[in-house]
Structures are given as structure tokens and as C-alpha cells.
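Each remark here refers to the structure printed beneath this line.
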2 protein chains.
Amino acid sequence: MTASSRPDHRRLRRSAGDRRAQLVQIGLELLPTTPVQELTIDEVARRAGISRSLLFHYFATKREYYTAVTRAAADLLMTHILPEPETPSGEQVTGMLDRYVGWVETFRESHLAFVRGAGGGDPWVSDVYEETRGRLVDVALTALELPDDALRRQLVLAWFAFTEDLVAQWVLEPAMSRPELLELLRDVLDRLVTR
Amino acid sequence: MTASSRPDHRRLRRSAGDRRAQLVQIGLELLPTTPVQELTIDEVARRAGISRSLLFHYFATKREYYTAVTRAAADLLMTHILPEPETPSGEQVTGMLDRYVGWVETFRESHLAFVRGAGGGDPWVSDVYEETRGRLVDVALTALELPDDALRRQLVLAWFAFTEDLVAQWVLEPAMSRPELLELLRDVLDRLVTR
DNA sequence: CCGGCTTGCTGAGCAACGCTCAACACGCTA
DNA sequence: TAGCGTGTTGAGCGTTGCTCAGCAAGCCGG
């Protein structure tokens, strides 16, 4: 460093936990504009005001980093959607559906980005996504008070795909009313699951 | 090049069309093992026995290349699925469904790879995918002899998502018989579309 | 056989990115 | 104030996408 000017000292030392959280947070903020796997270490480090090297101190590989970001996004969704334990089980699914649609309405782009990135390409990211879907099936099946056999799991999972796709289209171009959408989804699920 | 040995002359000159086709073909062969976007120019060029530079002569960017590969994959699927024009329109959808399941059974990995890569990340690839889905909706709706309004389009598209997901699961773990699967899918579609 | 043209094709090299490593410096405690 | 743990950095390497100037294979008119 040059003699006469002391270097940039706005960079504070943070605790390990804080830094990790900050980095993941930055990843979440970039999600809507960039597919997870295309986040560049450079960009994230720049936004955090740190060097590339430091990011690699917290996340051994780039993949480890964006997997963490993906998991964080999934957790946000899950905690928002999960049923309140007091609700009678018959209405839990309806509530979850309602909250899911609300979530997509609120975070349009970032949610669509999440879903796209999740299905696509990288197996590590897909794993996080599949894991989340699996957890949701568990919740749904117990809320519906139905046994958890292979066939029903597949049907509910496929219904998720249906729901995701339809809701994604619906927020972009609402071809029916919100209650109609919810009723339709609920109806399809019921028919599928009570065969 | 050294004086005493004449260089490798097994490399033939090909016509522009041939080379393009060959490169796309190599991409298709690599699809099952590698997400489209992760194809490396190096690898493809090596397999084709040409220099990286030549690949960039035919495809200005990497993206342009793997978009072409994706489009080729989509076209293969389309031509295999499309109904034979002689079939009465009532049975066309059934036939398409049957051929679709057959396709997934035959090309398990490459098809799953295609679908994953399609949903994921890169907008250019997604566009090809969406375009294909759109064409399929057109075919399906005319085969069903139904009007083509916004709502129905959305429902059929979402049903595609349902179908894709369910069939993908089914080939990996058949939780019902093949005819049952086909009937279920057909049934869900009918109910959705005749509301 | 030869000069010249078209065009398929290559090698060297740059910039961006993921990743490594040795060392620095902040801020706490003795 | 010396010492220490640890948050942090800069320099640098290998790979990969991409560029560019120019080579060479095959075909033409002479």
C-alpha cells in the first residue's frame, strides 16, 4: 500500500455467523435477476465489500455457496406456507394453498426464478428442491389424514408441479378469479388423492 | 509444424451444413450426461476433431450453440409425438399421450435431462421449451375440438407440467400399470378442459 | 501445370471466472 | 504492550468463453 494514504477502513470485521448470513442474504437479493448458478463470486464479494478469497473461506466452492442460497430461499417459502398448528386439519391444505398463492403474488420474480433454477441443471440445487417438495408432501398428506403410499406421493408431487405451473401463469395473466383458482387447485387435489 | 513429420491430415474438410449438423448431433449425445449449459466448447470440439475456433465460426456464442442443441432435442420429441393425420381426432390425444410415455421410457435419462435443463436457468433455453409446449397445446386443443381461450391454454399447459412430472416419476418407480397411468392422465385432462 | 479465389479451418492469445495459498492486521486478553 | 486467534486480503494459477489474423484445401480459368 502507498505510504501517504491509509487504505479503505470502512471494512469492518464481522463475526463468522454474520458474514455467512450476509453473503447468503446477498445471494437471495440477486436471485430474481440472476439464475443461482450464474451468480459470480466477484459480484457477490463486491456487494459484500469483501475479497473473493473471503467468500471461499466461508463456502469452499461456488456450488456450496449457491446451494446455501437455494436452501435459504426454500426455507423462507416453507416457513411461510406451513400450516398453523391450531387449524383443524381439514382446512390446513386450503390455508397452505392460499398462503402459497399469496407468496407467489408477492415475490413474483424471485419465486419464479427460484422455481426455474430449482428444476434446472445442477443436481445439488435440484436436490434441495426435491427435498422441499418431499417435506411439503408429508405435511399435505398428514393434513389430509391420508396414508402415505408410493402412488399417492407421486400424485401429490405431480399435483405440486401442476399447481406451480398454473399459479405461475395465473400471476402473469389471471384468467380466473383468485377464489376460483384456489377452488380448482383444491378440487384437482381431492379428486387425485381420493381415488 | 516440425519439418520431418507432416501434420495430422485425417481432418477432412466438411461442408458448412455437415459440420453444423455434426456439432449439434454431438451436443445431443452429450445431453444425457451433461446439463446443456454446462457443455464445454472444448469437449464438443475435441469430440468433433476440430478446433474451438471452428465451433465459434458456426455458433457465434456458446449460448447460441446449446440453444440449437435444445431446439434439436425439442424437434425430435415433437415429430415423434405429433398425431398421425389419419387418426380420428377423438383418439389423437390418446395416441400422443401413449407415444409421449413411450418416448420417456425409451430415452429416460436424456429426456429427463432435457426437461430439467429446459425449465432451468437460462432464458434462451426456457424459451425453446415454452415454444414447444405452446405448439403442443395448439395440437391438443384442435385434437380435442375445443376453443382456444386463455383459461383453457393455461389449464392444458399446467396439465403438461403435471404429466411431465408424473411420467418422470413413473418411469423411475412405476406405482401403477401403464394403462392406468394413461387413463389417469387422460381423465385429468378431460375434467380440466370441460369445465 | 499454375496463379488466384473461396471458404473451411487453425493457433496464439486475451479476459473473466473459480479457486489456492501464504501472509497480513484487527481487536481481544494477559 | 506483547501475544494470539481469526477475519481478511493480494497475488497468482488453470480453465473456459471468445477474438483475430492468417493458413490451406479444393476448385476455377488460363
Side-chain angles (χ1 to χ4, degrees), chain A residues 1-3 5-27 30 33-70 121-125, chain B residues 1-3 5-27 30 33-70 121-125:
Chain A
M1 49 194 73
T2 57
S5 68
R6 105 173 0 178
D8 179 358
H9 271 305
R10 269 155 297 181
R11 300 183 178 173
L12 301 179
R13 261 171 100 105
R14 294 213 192 189
S15 77
D18 282 3
R19 257 287 122 77
R20 259 191 89 97
Q22 181 206 17
L23 293 173
V24 169
Q25 181 59 35
I26 289 175
L30 290 175
T33 48
T34 325
V36 222
Q37 326 170 24
E38 288 174 25
L39 294 175
T40 77
I41 299 291
D42 243 13
E43 171 78 0
V44 176
R46 207 174 46 71
R47 295 209 175 211
I50 61 169
S51 64
R52 268 159 289 150
S53 321
L54 188 54
L55 205 152
F56 283 107
H57 177 70
Y58 290 105
F59 303 93
T61 72
K62 183 190 176 179
R63 179 141 64 191
E64 198 173 294
Y65 172 65
Y66 66 59
T67 303
V69 173
T70 304
D122 192 288
W124 296 69
V125 176
Chain B
M1 52 193 74
T2 57
S5 68
R6 104 173 0 179
D8 179 357
H9 272 306
R10 269 155 297 179
R11 301 184 177 172
L12 301 179
R13 262 171 100 105
R14 295 214 190 186
S15 78
D18 282 2
R19 260 281 123 80
R20 259 191 89 96
Q22 180 205 18
L23 293 173
V24 169
Q25 181 57 33
I26 289 175
L30 290 175
T33 47
T34 325
V36 220
Q37 327 172 21
E38 288 175 24
L39 294 175
T40 77
I41 299 290
D42 243 12
E43 171 79 1
V44 177
R46 208 175 44 71
R47 296 210 175 209
I50 61 170
S51 64
R52 267 159 290 150
S53 321
L54 187 55
L55 204 152
F56 283 107
H57 177 70
Y58 290 105
F59 304 92
T61 72
K62 182 190 175 179
R63 179 141 66 192
E64 197 173 296
Y65 171 65
Y66 66 60
T67 303
V69 173
T70 304
D122 193 289
W124 297 68
V125 175

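These values consider heavy atoms only, across backbone and side chains, with no hydrogens, waters or symmetry-generated copies. Residue numbers start from 1 in every chain, and the chains themselves are labelled A, B, ... in the order their sequence lines are given, proteins ahead of strands.
Tested against B/F59, the residues B/I41, B/V44, B/V69, B/V24 include a single side chain to side chain contact (heavy atoms under 4.5 Å, CB included) partner, B/V24.
In this structure, A/D42 and A/A60 both approach DNA chain C, and ranking their closest nucleotides by distance from the 5' end singles out A/D42. Between B/A16 and A/K62, the residue anchored closer to the 5' end of DNA chain C is B/A16, taking for each the nucleotide with the nearest heavy atom.
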Please report the C-alpha distance between A/T34 and A/E43 in whole Å, then the side-chain angles of each, then the deciding distance to 0.1 Å, and finally whether the side chain to side chain contact (heavy atoms under 4.5 Å, CB included) criterion is met.
CA-CA 11 Å; A/T34 325; A/E43 171 78 0; over 6 Å; no
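The closest side-chain heavy-atom distance from B/H57 to B/R19 is not below 4.5 Å. Under the 4.5 Å side-chain criterion, counting only non-hydrogen atoms from C-beta, A/L23 is in contact with A/I50. Residues A/R46 and A/D42 are not in side-chain contact: their nearest non-hydrogen atoms beyond the backbone lie 4.5 Å or more apart.
When the C1' atom of D/dG17 is taken as reference, atom CD of B/E64 falls 14 Å away, rounded to whole Å. Note: CZ (A/R20) to C1' (D/dT8) measures 17 Å, nearest angstrom. We find that CZ of B/F59 is positioned 15 Å from P of D/dT19, with the value rounded to whole Å. The interatomic distance linking A/R46 (CZ) with C/dC17 (P) rounds to 11 Å, in whole Å. If you take CG of A/L54 and P of D/dT6, they are 15 Å apart, rounded to a whole angstrom. Distance CD (B/Q22) to P (C/dG8): 14 Å, rounded to an integer number of Å. Rounded to a whole Å, the NE2 atom of A/H57 is 5 Å from the P atom of D/dG7. Between the CG atom of B/L55 and the P atom of C/dG11 there is a distance of 15 Å, rounded to whole Å.
For B/F56, counting side-chain heavy atoms from C-beta on, the closest listed nucleotide (C/dT20, D/dG10, D/dC18) is D/dC18. Of the candidate nucleotides C/dC19, D/dG7, D/dT16, D/dG7 has the atom lying nearest to any side-chain atom of A/R13. For B/Y58, counting side-chain heavy atoms from C-beta on, the closest listed nucleotide (C/dC9, D/dT8, C/dG11) is C/dC9. Out of D/dT8, C/dC21, C/dC9, the shortest distance to the side chain of A/S53 is found at C/dC21. The listed nucleotides are D/dG10, C/dG8, D/dT16; the one nearest the side chain of B/T40 is D/dT16.
Taken from OG1 in A/T70 to CZ in A/R63, the straight-line distance is 12.0 Å, to the nearest 0.5 Å. Note that CG of B/L55 is 10.5 Å distant from CZ of B/R52, once rounded to the nearest 0.5 Å.
Base contact: A/R52 has a heavy atom under 4.0 Å from a base atom. Note on B/T61: only backbone sugar-phosphate atoms sit closer than 4.0 angstrom, heavy atoms only; bases stay farther off.
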Pair pattern of DNA chain C in dot-bracket, where unpaired bases get dots and | marks partners in another strand, Watson-Crick or G-U under 3.5 angstrom:
||||||||||||||||||||||||||||||
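Of all heavy-atom pairs spanning A/Y65 and A/I26, the tightest one is OH-C, 4.3 Å.
Contact annotation: A/R63 side-chain N/O to C/dG18 OP1/OP2 distance is not under 4.0 Å.
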